[in-house]
Amino acid sequence: MTGDRKPSAINNVAPAKASRTKLNRRKFLIRTGGIMAAGAFGAVPLRGWAADPVNIGALYPTTGSMAQIGVGCVAAAKLAADMVNEAGGIKSLGGAKLNIIVSDVQSDTTVTRTETDRLISGNKLSAIHGCYASALTLIASEVCERARIPIITGSSSDQLNKGRTYTFTPFARASQFAKAQLQMAKLVSEQPKVAVIFENTAFGTSTSNGLKELAPGEGVEIVMFEPYSAGFTDASPLINKVKASGANTLFSLSYLNDLILIVRTVRQVGLNIAINGGSGGFVMPDFYKNVGKAAEGLQGVAHWNHDVSDEAQKVNVEFKKRTGEFAFEYAGGLVAQTFMLADALERAASTDPKKVREALSTLDVSSGYAAMAPGGKVKFGPDGKNVYGKPVGVQWQNTDLVSVFPKEDARAPLMKT
Amino acid sequence: MLETLAQAVINGLLIGGIYALVSIGVTLIFGVVKIVNFAQGEFVMIGMYISFFLATQFGIDPLVSLVVSMPVLFVAGMLIQHFLIRRVLGPNDMPQIFLTFALSLLLLNLSLMLFTANYRTVHTWYSDEALHFGGLYIPVAKLIAFVVAMGLSALLWVFLHTTDLGKAMRAASQNRDVAMLMGINPNRVFAVAFGTALALAGAAGSLLMPFYSAYPFVGQVFVLMAFVAVVMGTLGNVMGALIASLMMGVAESLGIQFVGADSGLIVVFALLLLTLAFRPSGLGAQRGR
C-alpha cells in the first residue's frame with residue numbers, strides 16, 4: 001500500500017488550520033467585507049442624472065448553455081437604452097434616462113426563479129424584459145405576475161398568453177410559425193411533398209404535430225414523418241430515407257448540431273430538396289459560419305429580421321458596429337420592445353409598474369422603432385398578444401438572412417434551390 | 001431498394017471506422033492495464049478541440065493536425081498512467097472506476113468552462129464533397145477518416161505482433177503475472193498502452209473534425225458505441241473490437257433505414273444481446289483457452 005509510506009495528512013492539517021484562522025481573522029473580515037460591499041454596490045444603480053432614471057430589469061442567460069444568444073441580447077438591451085436616452089429619454093418624466101439592470105439567469109429554470117425574485121425585490125423596477133428562451137421566460141413571467149411588474153418578451157411559446165395579465169408578447173406565436181412554414185413550401189413547388197424529420201423531444205414532437213395538423217388545410221402533402229434520436233453520430237441513414245421518400249421539401253425540427261449534419265449530408269448526397277430549418281439556432285449568424293456555403297438557399301421562419309423596416313436596418317448597422325454580427329431576431333426584437341416600453345412610460349408619465357402595465361395594454365403604434373416588427377404594427381389584445389403579430393419567412397442568400405415571405409414583407413424573391 | 005441497402009451498408013461501415021478507433025483504445029487499456037477508461041470519449045473531444053484550434057488559428061487542415069493531436073495525447077496518456085492510474089492499481093476495482101470517471105467529469109466541465117457549450121466546426125474543401133457511383137455516394141471526409149482509421153488499426157496490429165514492446169503488451173494482456181515473471185516491466189508497458197489508446201482517441205477526434213462539430217459533450221456520443229463494441233468483440237481483443245465496431249456501424253445504419261430513425265440503437269443492442277447469448281465471451285474469444 002502506497003498510502004502507508006506518507007505521513008498521515010489528518011494529523012498535520014488540523015492544527016495548521018486552526019492557527020491560520022486565528023492569525024488571519026482580521027484579514028478575512030476585511031476581504032469578505034469588501035466583496036460583500038462590492039456586491040451591494042453592483043446591485044444599486046449608479047446615479048448622477050438630473051431626473052431619477054427609470055429602472056428596467058433585463059433577465060438573460062449570460063452564462064451556461066444558452067449564453068451565446070443571451071450575451072447578444074444584453075448587447076441589444078444596452079444599445080436600445082442608449083438610443084432612447086440619446087433621443088432625450090422619457091420627456092414626461094423630465095427627460096429621465098432608461099437604466100438597464102442586467103441579471104444573469106444562467107440558462108437554468110431554478111436560477112431564473114430566484115434571480116427574478118432578487119431583481120424585483122432589490123430594485124425599484126418599472127418593467128422587465130427577457131429571457132429569450134421560452135422555458136425560462138415562462139418562469140420569469142410567473143414571478144412578474146405575482147410581483148405585478150410588466151414583462152415584455154420575444155419568446156414565442158403560446159403558453160405565455162394563458163392566464164397572465166402582466167406579460168406582453170409583441171411578436172408571432174409558436175403556433176403561427178408552423179403555418180408560415182407550410183405556406184412557404186407552396187412557394188417552392190406547386191405540389192409540395194414534405195418530409196418532416198424531428199428529434200424525439202418535447203420540442204420536436206409538439207412542433208411536428210402542429211405541422212401535421214395544419215398540413216391538409218394548407219394543401220401540403222406530408223410524405224414522410226419521422227422522429228429521430230437527437231445527437232446522432234451520422235445523418236446519412238436519415239437522409240438516405242428522405243431521399244427514398246421522394247420528398248421535394250424537407251422540414252427539419254432540430255437543434256443546431258443535428259441540423260448542421262443534416263444540411264451537410266443533403267449537400268453531399270446531391271439531393272435537390274428545399275430545406276426549411278424553422279427558427280431558433282437556424283436564424284443566427286453562427287449558423288452560416290458553421291455550415292458555410294451549404295447554407296445558401298436554406299429557409300426558416302423568424303419573429304423579426306433585420307430588413308423588416310428602415311428602422312430595423314438602422315438598428316442592424318449600429319448593432320453590427322458594436323458586436324460585429326448582424327442583429328439577430330431576439331436582438332432586433334429587443335430594441336423594438338425597449339421602444340414600446342419607452343412609449344408606455346411616456347404616456348404613463350410615471351415609473352409605477354402598474355401604470356406602465358396600463359399604458360402598455362393601450363399601446364397602439366404603427367411607426368418608429370416601437371413598430372419595428374413584421375407587419376409594422378403593434379397593439380396588444382387582452383391576452384398580451386400583439387393582434388397584428390406574424391412571423392416572417394427568411395432565406396440565406398449571399399451570406400445574409402433575407403426576408404422572403406409573406407409577399408408584403410419580402411425584401412427579395414424566394415430562391416428556389 | 002438494393003441501392004438503398006447498399007448505401008445503408010456504406011454509411012454504416014464509414015461511421016464504424018470512427019467507432020473502431022475509440023473502441024480499440026478502450027479495449028487496449030482494458031486488455032493491458034485491466035481498467036475501464038470511462039474518460040476515453042473526453043480524449044476524443046480533446047483531439048477535436050486540438051484540431052479545431054490548429055485549423056482556426058493557423059489554418060492547418062484537421063487531417064494534418066493528426067501529427068499534433070496524436071503525440072500530445074500519447075504523452076498525456078503516459079503522464080496520466082504514471083501519475084494517476086498507477087497509484088490506484090490493485091486488487092480493488094472501485095478506486096480505478098472512480099478515478100477514470102472523475103477524470104471524465106473533470107475534463108467535461110473544464111472544457112465547458114474554457115470552450116463554452118457552443119458547437120465548433122471546421123470547414124475544409126472536402127467537407128461537403130462526395131464521390132458518386134451510379135446512385136451511390138461516398139462522402140470524401142468520411143472516406144478519408146475511414147481509410148486513416150483502418151491504416152492506424154493495421155499499424156497497431158503490426159506493432160503488437162512484430163515489435164518486442166508490442167509483444168510485451170500482448171503478453172501482459174494475456175496474463176499479467178506471468179508476463180512480469182518473464183521480466184516485462186509493467187509500468188513501462190502500461191504507460192505505452194495508455195498513451196497509445198489516448199493517441200487513437202486523439203486521432204478519432206482529428207478525423208471527425210472535418211465532418212462533425214466539436215462541443216464538450218461530443219465524447220459521450222461516441223463512447224457508448226465504443227463500450228458496446230468492446231464487450232461484443234471480447235474485452236481486451238483489438239481485432240474483435242475493430243470488427244464489432246464496423247458491425248455496429250452497419251447495424252445502426254440499417255436500423256435507422258428499415259426500423260425507424262429513432263431506433264437505430266435498438267438494432268445495435270439486439271445484436272449485442274444475440275452475441276452475448278450465443279458467444280458469451282464475445283466475437284473475438286478464442287475457443288479452448
Check: E42(B)/S104(B) side-chain N/O donor and acceptor closer than 3.5 Å: yes
Least distance between heavy atoms, N11(B) atom then P237(A) atom: ND2-N, 3.8 Å
Region of Q268(A) in contact with chain B, defined by heavy-atom distances below 4.5 Å: both
Whether Y212(B) and F222(B) hold their rings parallel, tilted or perpendicular, with breakpoints at 30° and 60°: perpendicular
Distance-minimising heavy-atom pair for A140(A) and L59(A): CB-CD1, 3.8 Å
Chain B contact residues among residues 240-251 of chain A, heavy-atom distance under 4.5 Å: N240(A), K241(A), K243(A)
Whether over 12 other heavy atoms sit under 6.0 Å from F269(B) CZ: yes
Per-residue contact mode, V291(A) against chain B (heavy atom under 4.5 angstrom): backbone
Short side-chain donor-acceptor distance under 3.5 Å, E296(A) and Q395(A): no
Partner chain A: residue of R120(B), K142(B), M113(B) with the largest heavy-atom pair count (under 4.5 Å): K142(B)
Engaged part of Q257(B) at the chain A interface, taking heavy atoms whose separation is under 4.5 Å: both
Within 6.0 Å of CG in L2(B), more than 12 heavy atoms from elsewhere: no
Candidates T63(A), T112(A), T114(A), T62(A) - the one meeting side-chain contact (heavy atoms from CB on, under 4.5 Å) with V105(A): T112(A)
R322(A) atom CZ: more than 12 heavy-atom contacts under 6.0 Å: yes
Side chain / backbone / both / neither for Q220(B) at chain A, heavy atoms under 4.5 Å: neither
Heavy-atom pair count under 4.5 Å with chain A, highest-scoring of S263(B), S213(B), G249(B): S213(B)
Mutual orientation of the aromatic rings belonging to H306(A) and F326(A) [parallel < 30°, tilted 30-60°, perpendicular > 60°]: tilted
Residue part contacting chain A, namely of F217(B), when any heavy atom lies under 4.5 Å: neither
Mutual orientation of the aromatic rings belonging to F282(A) and W396(A) [parallel < 30°, tilted 30-60°, perpendicular > 60°]: perpendicular
Chain A contact residues among residues 121-128 of chain B, heavy-atom distance under 4.5 Å: T121(B), V122(B), H123(B), S127(B), D128(B)
Residue part contacting chain B, namely of L238(A), when any heavy atom lies under 4.5 Å: both
Considering all heavy atoms, the nearest M150(B)-A20(B) contact: CE-CB, 4.4 Å
Criterion ring-ring contact (aromatic ring centres under 6.0 Å, His included) on F53(B) and F115(B), from CA distance to verdict: CA-CA 11 Å; F53(B) 283 110; F115(B) 312 131; 5.5 Å; yes
